[in-house]
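Scroll down for the structure; my scribbles are underneath it.
Letters A, B, ... mirror the listed sequences (proteins, then strands); counts begin at 1. These numbers were taken from a predicted model, which means no experiment stands behind them.
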Number of protein chains: 2
Amino acid sequence: MSMNHFDYIDQQILLQIREDARKPFSQIAENLKISNSLVHQRIKKLKQRGVIKKAEFVVDEKQIGFKTKSYVGIRLREARYAKQVVDGLKEIPEILECNYVSGHYAIFILIFAFDNHHLRKILYEQVHQIDGVAGTDSFICFDTNFRRQVSLNSLGKNISYD
Amino acid sequence: MSMNHFDYIDQQILLQIREDARKPFSQIAENLKISNSLVHQRIKKLKQRGVIKKAEFVVDEKQIGFKTKSYVGIRLREARYAKQVVDGLKEIPEILECNYVSGHYAIFILIFAFDNHHLRKILYEQVHQIDGVAGTDSFICFDTNFRRQVSLNSLGKNISYD
DNA sequence: GCTGAAACAAGTAGTGT
DNA sequence: ACACTACTTGTTTCAGC
C-alpha cells in the first residue's frame, strides 16, 4: 500500500510538537541529538505532506461562557436534502462540527451553547427552521471524561491488527 | 454573574494565536499597535486564568492511516456501571473522546480506526467485553463537512440571547 | 497597566561533507 | 540526507513612565 512513511525522527518530532506547538525546535533537536536544522527540515516536509496542518492554541470553551456541549443527530425529511441542510448548519456559529453519518441519523453535529436554554433556542429557532430537517435528537454532555489526540504508535510500522 | 472579563486586546490576541499558535508575538503586537511585551503579559494571564490551555499541532488522522471516524453511543446494563466502563474505555487508545450524555445512551465516544474492519474489532473485542456494557450503536462518519473552533464574538459583551 | 531597550534565545538560510 | 556556521528574528525581563 506504500502510503506515507515515517521514521523514528518524524515520529518523535510529532510526539513533541503535538503536545506543545511552541516548543523550540532547538530543544527538540537537543532531545533527539540531531541538528537544529534537521528538525526544521522535517517539520517543513511533514507540513508539505499534509501530516500536520496548523498549530492552534486550545481555548477552554467553558471559560468563555459555553457551558453546554451537546451532540445532536439530525433526521431529514428526505435524503436528498442533505446538502442544503449542511449549508444551513454552516451558518450557525455554535455548531462546531458537522458530519454525514451512517445509522439512525443523516447528519451528526456538535454544538456549544451558553446553557441549555440557549441550546434549545438554537435547535428550535434555527436548526428546525432549515428546510429539509425533519427532527433532531440531542445528546447533551454532562461531562467529558477524557479527550486526547490520535495515537502515533502505529507510525512507520505498518500495521497488522488482526 | 461577573465571570471572566475580556477586553478588545484579549479578544484580538486570542483570535490571532488560536489560528496560528506559532505566530510571533511581535507580529501580533504590530497588528494591534501595542508593545511587544504587552502581548506577552496578556497571554501569560490568559494562561493563568485557564482560558488557553496549550498550543497543539493538529495532525491529520487520515494521513497517518486512520481512515474510519465514528461516534458510538454506549448503553449500559445498569446505570451504576458508568464509572468502571469509562475506566475500561480509557485503556483503548483509538477512543479519542468520552462523554457522559443525556438521552438514549449513557456514554458517547469518538473512535478513530484504520478502517471499518478495525472499528468492528475494537467494538466487538474490546468495548463489548467491558463489564457493564450492554450494547453500542455506531454512527460512522462518511464525511466531515466542517469543523471549527468556538466563536469569540461574545467575549466581553455579556450576553443576552433571548 | 503599559512601554522601550537590552540581554538572551531561537529560527532560518547557505555551505560543505 | 544531514551538520555547522553566520545571520536574522523573536522572546523575555526589567527599569521607568
In this structure, how many angstroms lie between the [atom2] atom of [N] and the [atom1] atom of [X], rounded?
| X | N | atom1 | atom2 | value |
| --- | --- | --- | --- | --- |
| A/I9 | D/dC2 | CD1 | C1' | 9 Å |
| B/L32 | C/dC2 | CG | P | 12 Å |
| A/Q16 | C/dA10 | CD | C1' | 16 Å |
| A/E30 | C/dA10 | CD | P | 9 Å |
| A/I28 | D/dC2 | CD1 | C1' | 17 Å |
| B/H5 | C/dG1 | NE2 | P | 11 Å |

On the ring face of B/F6, is B/R49 found with NZ or CZ under 6.0 Å from the centre and within 45° of the axis?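 Yes; both conditions hold, so B/R49 lies above the ring face of B/F6.
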Is it the case that the side chain of A/R147 and the backbone of B/C98 share a donor-acceptor pair, with hydrogens and angles ignored and the cut-off at 3.5 Å?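 No, A/R147 side chain to B/C98 backbone: no donor-acceptor pair under 3.5 Å.
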Do A/Q12 and A/D10 have side-chain atoms, one donor and one acceptor, less than 3.5 Å apart?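 Note: A/Q12 and A/D10 side chains miss the donor-acceptor criterion.
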Will you find, in the side chains of A/N116 and A/T68, an N or O donor that is under 3.5 Å from an N or O acceptor?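 Yes.
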Heavy-atom count around A/Q84 CD within 6.0 Å, excluding the residue itself: above 12?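 Atom CD in A/Q84 is packed in, count exceeds 12.
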Is the centre of the B/F108 ring less than 6.0 Å from the centre of the A/F108 ring?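 Judged by ring-centre distance (under 6.0 Å), B/F108 and A/F108 do meet the cut-off.
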For a quick check, with a 4.0 angstrom heavy-atom cut-off, what is the B/S/- contact string for nucleotides 4-17 of chain D, read 5' to 3'? B-----SBBB----
